[in-house]
Amino acid sequence: MELSVLREGKALIYVPDTRKAKISEGIIEPSHLSVFYNPVMVFNRDLSIIALNSFINMYWPGKELVAIDPLSATGVRGIRYSLELNNLSKVIINDIDKNSYNIMVKNIELNRLKNIEAYNREANALMRSLKYEQGQPINIIDLDPFGSVLPFIDTSISIASKGTLLALTATDLAVLGGSKYMAAKRKYRVNLINTKHYREIAIRVLLAFIAYVSASYDKVIKPLMSYSVDHYARVYLLIDRGAKRSEEMLNKNIGYFKYENGLIMDCHDSNCLGPIWVGEIGDIKFIEELLNKLSNFSYIESFMRSEKFIKTYLDEMKIQQYFHQRLDTICQNQKTNMPSLTKFISSLEEIGYKSYKSTFSDVGFRSNAPHDVLIELCRKLK
């Protein structure tokens, strides 16, 4: 297998020779490489570095931690964690594919790392073995699979302890977001319909599913950051323990929604869709910590995108109790032309309502304005 060397973050990484990869619209098709490597996910990995740094500073300052990336492919994520984060005494990377394992070993040697271990195991089997056979405490679990994250959620929750960070990437947005609603019902036990609001719905379906799994282990999740961009959803969850607290988590944060007049709304009648997570999807203090420490990561490739995203996301989370809405679906439902989003938001602010752009859509926003106000303003500004 011919290899190329790429730089990502502070890491040098061997990847399969990308000159022989299938290219679609100028982008490498990672599934056509002999070992999976996706350059589109650099933003995901860059933001993960920033997020894990904030997690360590806020919840485990000065402590030596262990992180695992059990679906590693080339090992780029775990290797970057080893190089770019402090306080990690051990990083465990793994892949069931033998070619991937061989490249991971080469990448460890290339970066001269001493605090990283590579395995060639099935991911669930490895995680359970580390926890229940070797007694290895795991402080950070990062799952970024090729395909659905669903097969790995139960094991991840079972091995997580109080204070563990669970980071998950889900690429099955068509299922989680409702366009494949029968698959959503079968896999995630949720009733959905297809809407353009699929990104936030996907996040809230995923969080609800993880919450139910967590409660079955008498564990609790606290979302620190949940977002959806490109082709995936990503969540960062702080794990806690307690049977009573897990019951309270479900009672407080699991609910239903409906879709009317181009708007996503809370629902308490027979037309409800769900269940979904209706609680907070991001922690303000955590996001502020990301922004405060962002200058330490000016070397990352996606620095400008990360800065813009975090600033927008922080504003949006100030009124996260309201669903994000899409200006196009509201105006389309009213059969009116869509005004500019900037003008629409400023008009809401002029009449006394809070409103911010949303990271979930280029035409998305969050506002505490009543639905009839949003509809009327759309008509007025046409």
Side-chain angles (χ1 to χ4, degrees), residues 3-18 28 30 33 35-95 100-119 138-144 165 167 169 224-225 229-230 232 234 236 286 289-310:
L3 301 175
S4 302
V5 177
L6 302 177
R7 177 172 291 279
E8 184 177 309
K10 293 184 178 181
L12 289 172
I13 301 293
Y14 285 119
V15 300
D17 192 346
T18 55
I28 294 172
L33 296 173
V35 172
F36 190 86
Y37 173 78
N38 193 349
V40 173
M41 295 295 275
V42 170
F43 174 68
N44 180 305
R45 293 187 286 268
D46 283 351
L47 201 52
S48 296
I49 295 290
I50 303 167
L52 264 62
N53 177 72
S54 292
F55 167 75
I56 293 168
N57 290 340
M58 289 182 66
Y59 294 99
W60 295 93
K63 304 292 185 180
E64 291 192 346
L65 307 179
V66 176
I68 184 170
D69 172 14
L71 302 160
S72 298
T74 62
V76 58
R77 185 180 295 268
I79 286 169
R80 289 192 60 186
Y81 287 171
S82 178
L83 287 167
E84 298 174 47
L85 295 171
N86 297 322
N87 302 94
L88 293 182
S89 60
K90 184 189 293 186
V91 177
I92 299 166
I93 59 177
N94 170 73
D95 204 282
S100 296
Y101 171 77
N102 291 336
I103 286 186
M104 287 192 302
V105 172
K106 288 180 179 291
N107 283 331
I108 292 172
E109 294 171 351
L110 179 62
N111 291 276
R112 300 178 181 179
L113 297 172
K114 302 298 183 183
N115 69 331
I116 193 164
E117 297 178 355
Y119 289 83
I138 305 292
N139 308 104
I140 297 169
I141 304 167
D142 198 321
L143 295 167
D144 183 22
L165 177 71
T169 302
L224 300 179
M225 182 165 67
V229 297
D230 300 332
Y232 63 88
R234 178 81 167 163
Y236 295 85
F286 182 78
E289 178 70 11
L290 263 68
L291 195 58
N292 291 338
K293 298 297 191 295
L294 184 61
S295 60
N296 296 334
F297 301 95
S298 58
Y299 64 87
I300 63 175
E301 182 179 330
S302 66
F303 180 79
M304 297 299 291
R305 182 183 179 186
S306 296
E307 182 178 42
K308 180 180 179 181
F309 174 85
I310 294 170

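- Here Ile79 contributes atom CD1 and Ile108 contributes atom CD1; the two are 5.5 Å apart, rounded to the nearest 0.5 Å.
- Between Asp142 and Arg80, none of the side-chain N atoms (NZ, or NE/NH1/NH2) sits under 4.0 Å from a carboxylate O, so this pair counts as no salt bridge.
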Requested in this report: Just do the side chain to side chain contact (heavy atoms under 4.5 Å, CB included) check on Phe43 and Val229 with the steps written out, would you?
Outcome: CA-CA 10 Å; Phe43 174 68; Val229 297; 4.0 Å; yes
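- Rounding to the nearest 0.5 Å gives a distance of 4.5 Å between CD1 of Ile49 and CG of Leu85.
- Of the possible donor and acceptor atoms, none in the side chain of Asn115 sits under 3.5 Å from a partner among the backbone N and O of Val91.
- Take Asp144 and apply the salt bridge (Lys or Arg N to Asp or Glu O under 4.0 Å) test, not counting sequence neighbours, and it matches Arg77.
- Closest approach of Ile116 to Ser82, counting heavy atoms only: CD1-CB, 4.5 Å.
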Requested in this report: Please test Ile138 against Ile92 for side chain to side chain contact (heavy atoms under 4.5 Å, CB included), starting from the C-alpha separation and ending with a verdict.
Outcome: CA-CA 10 Å; Ile138 305 292; Ile92 299 166; 4.2 Å; yes
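- At most 12 heavy atoms of other shown residues, nucleotides or ligands fall within 6.0 angstrom of atom NZ in Lys308.
- Taken to the nearest 0.5 Å, the CG atom of Leu290 stands 13.0 Å off from the CZ atom of Phe55.
- The two atoms that bring Ile56 and Asn86 nearest to each other are CD1-O, 3.7 Å, heavy atoms only.
- Using modelled atom types and a 3.5 Å distance limit, the side chains of Asp46 and Ser302 yield a donor-acceptor pair.
- A donor-acceptor pair is defined here as one N or O able to donate and one able to accept, closer than 3.5 Å; such a pair exists between the side chain of Asn107 and the backbone of Tyr14.
- At least one donor-acceptor pair under 3.5 Å links the side chain of Ser89 to the backbone N or O of Leu65.
- With a 4.5 Å cut-off on side-chain heavy atoms, Tyr119 and Ile93 do not count as touching.
- In this structure, Phe303 and Phe297 approach most closely via the heavy-atom pair CD1-O, 3.3 Å.
- Under the 3.5 Å distance criterion, the side-chain polar atoms of Glu117 are left unmatched by any main-chain donor or acceptor of Lys90.
- Closest non-hydrogen pair, Leu143 versus Leu71, comes out as CD2-CD1, 3.9 Å.
- Taking both residues in full, the closest heavy atoms of Met104 and Ser72 are given as SD-CB, 3.4 Å, listed atom of the first, atom of the second, then distance.
- Annotation: the span from Ile13 atom CD1 to Leu110 atom CG amounts to 7.0 Å, rounded to 0.5 Å.
- For Glu301, there are no salt bridge (Lys or Arg N to Asp or Glu O under 4.0 Å) partners, not counting sequence neighbours.
- To the nearest 0.5 Å, atoms CG (Asn296) and CD1 (Ile50) are separated by 10.0 Å.
- Residues Glu64 and Asn87 form no side-chain contact, since every pair of their non-hydrogen atoms from C-beta on lies 4.5 Å or further apart.
- Side chains of Phe309 and Leu47 form a contact here, defined as non-hydrogen atoms less than 4.5 Å apart.
- Ile103 places none of its side-chain heavy atoms less than 4.5 Å from the side chain of Asp95.
- Distance check, rounded to the nearest 0.5 Å: CE of Met41 to CD of Glu8 gives 10.5 Å.
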Query raised in the report: Can you list the steps and then say if Trp60 with Ile140 is a side chain to side chain contact (heavy atoms under 4.5 Å, CB included)?
Result: CA-CA 11 Å; Trp60 295 93; Ile140 297 169; over 6 Å; no
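- Looking at every heavy atom in both residues, Met225 comes nearest to Phe286 through CB-CE2, 4.2 Å.
- A donor atom on one side chain and an acceptor atom on the other are found under 3.5 Å apart for Tyr236 and Ser48.
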